Amino acid sequence: MTEADQPRATETDETATGPATTPPKGRRGSGVRTVGLVALATLAGAVAGALALYGMNRLPGNAQAPQVTSAPAAEPAAFKVSDAACQGTVERARAFVPLAKGGLAAFSPATEPRRLPPLAFTGANGKEVTLADFKGRVVLLNLWATWCVPCRKEMPDLDRLQGSLGGPEFEVVAVNLDTRDPDKPRAFLDEIGVKRLAFYADPATKTFQALRGVGRGFGLPTTVIVDRDGCEMGYLAGPAEWGGAEAEALVRAAIGTGASTSPVR
């Protein structure tokens with residue numbers, strides 16, 4: 001994440017006419033330094049808050065994290081996020097409003113008909129997988145990386161959620177975005193005992209960039225719940241408690257209201 005330059009406290013030079021109307025230099029310098037320290041503390045607090053929300057912390061040996069921006073990039077010319085065919089999904093997503101609480105308080109149910117752009121990544125065997133391959137299932141799409149501390153904490157919860165509800169109606173699709181050392185995320189998942197999640201990877205971070213282009217990718221972790229027809233049911237920026245009762249209730253509601261009965265591929 002790009003950080004703004006920190007402000008520097010400087011002492012104002014005395015004017016050519018002399019310091020007759022100014023306070024003693026020592027006192028004035030102390031005041032300037034105090035203001036500077038307060039400004040630095042404020043900036044540090046803001047940066048720490050942003051890091052905690054988006055998890056853009058990096059661990060040694062990893063590449064630069066995807067850039068976090070304050071506004072979405074322009075939509076690709078060949079894709080428009082708004083899709084009237086998703087209007088029914090918006091209506092069904094109203095059922096999620098009372099469920100966005102506790103560890104999922106930051107979850108935002110869909111309020112406009114949105115279709116996610118075509119997303120492609122690789123499976124455990126290295127072959128390409130697309131979001132369209134999951135048509136017929138409700139999908140919890142999660143973007144994560146090993147250098148993202150909140151992401152690392154979410155993985156056991158997502159694994160439990162997949163174990164509880166995963167199947168022909170629902171799947172957790174956790175896409176790893178590590179850009180170096182492809183064995184590192186696999187080793188991490190093995191170390192923490194993740195067994196139920198299928199491994200998906202996108203070292204080129206194209207999924208992140210595509211979601212950012214439609215206002216759904218400003219940091220990690222990023223999670224989107226998608227219905228059986230590829231329409232957005234809800235979105236969550238930042239970490240959440242996916243292993244709790246609130247998450248299970250929300251996913252069960254998504255499965256029960258997840259649009260058409262298209263065949264599972």
Side-chain angles (χ1 to χ4, degrees), residues 48-57 68 72 86 88-116 119 131 134 137-145 148-167 169-177 189 192 194 196-198 200 207-208 211-212 214-259:
L51 288 174
L53 173 61
Y54 292 110
M56 303 308 286
N57 300 300
V68 178
C86 295
T89 302
V90 175
E91 297 170 0
R92 288 185 289 272
R94 294 171 184 165
F96 301 156
V97 173
L99 301 176
K101 59 183 180 179
L104 292 181
F107 181 80
S108 299
T111 57
E112 58 182 338
R114 300 173 60 96
R115 186 174 297 280
L116 293 190
L119 301 177
L131 184 61
F134 298 93
R137 301 184 196 183
V138 171
V139 170
L140 187 152
L141 176 69
N142 178 271
L143 303 186
W144 72 284
C148 163
V149 175
C151 301
R152 293 163 66 95
K153 293 180 179 179
E154 281 189 341
M155 301 316 294
D157 282 351
L158 291 172
D159 189 54
R160 284 192 290 271
L161 185 61
Q162 174 66 20
S164 298
L165 300 177
E169 296 293 323
F170 170 75
E171 183 163 350
V172 175
V173 178
V175 181
N176 176 264
L177 301 186
L189 294 177
I192 64 174
V194 168
R196 304 171 185 88
L197 293 178
Y200 300 106
T207 50
F208 180 88
L211 289 177
R212 192 186 82 174
V214 296
R216 289 295 182 264
F218 299 105
L220 297 182
T222 286
T223 305
V224 186
I225 296 183
V226 189
D227 76 1
R228 294 180 175 90
D229 291 324
C231 299
E232 179 187 285
M233 305 187 81
Y235 166 69
L236 196 152
E241 296 179 8
W242 293 110
E246 293 90 353
E248 184 167 331
L250 188 145
V251 171
R252 287 187 182 280
I255 296 172
T257 64

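Because the structure is a prediction, the values reported are computed rather than measured. Heavy-atom basis, side chains included; hydrogens, waters and symmetry copies ignored.
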Nearest atoms (heavy-atom pairs only) where [X] meets [Y]:
| X | Y | result |
| --- | --- | --- |
| C231 | T89 | CB-OG1, 3.5 Å |
| R212 | G217 | CG-O, 2.9 Å |
| P239 | P150 | CB-CB, 3.9 Å |
| L161 | V251 | CD2-CG2, 4.0 Å |
| A249 | L99 | O-CD1, 3.9 Å |

*Who pairs with Y235 by side chain to side chain donor-acceptor pair (under 3.5 Å), at least two apart in sequence or on another chain?*
none
*asked:* If the condition is side chain to side chain contact (heavy atoms under 4.5 Å, CB included), which residues does A245 pass it with, not counting sequence neighbours?
replied: none
*Output all residues satisfying side chain to side chain contact (heavy atoms under 4.5 Å, CB included) with R196, sequence neighbours left out; order by chain, then residue number.*
D159, Q162
*asked:* Consider side chain to side chain contact (heavy atoms under 4.5 Å, CB included). Of E154, M155, R152, K153, which one does P221 pass it with?
replied: E154
A side-chain contact here means heavy atoms from C-beta on lying under 4.5 Å apart; do [X] and [Y] qualify?
| X | Y | value |
| --- | --- | --- |
| T207 | L141 | no |
| L211 | L119 | yes |
| E232 | L116 | yes |
| F170 | L140 | yes |
| I225 | F107 | yes |

Roughly how far, to the nearest 0.5 Å, is the [atom2] atom of [Y] from the [atom1] atom of [X]?
| X | Y | atom1 | atom2 | answer |
| --- | --- | --- | --- | --- |
| N142 | C151 | CG | SG | 7.0 Å |
| L104 | L236 | CG | CG | 7.0 Å |
| R160 | L197 | CZ | CG | 11.0 Å |
| N176 | L189 | CG | CG | 7.5 Å |

*Apply the salt bridge (charged side-chain N to carboxylate O under 4.0 Å, His left out) test between E169 and each candidate in R252, R137, R228; give the one that qualifies.*
R228
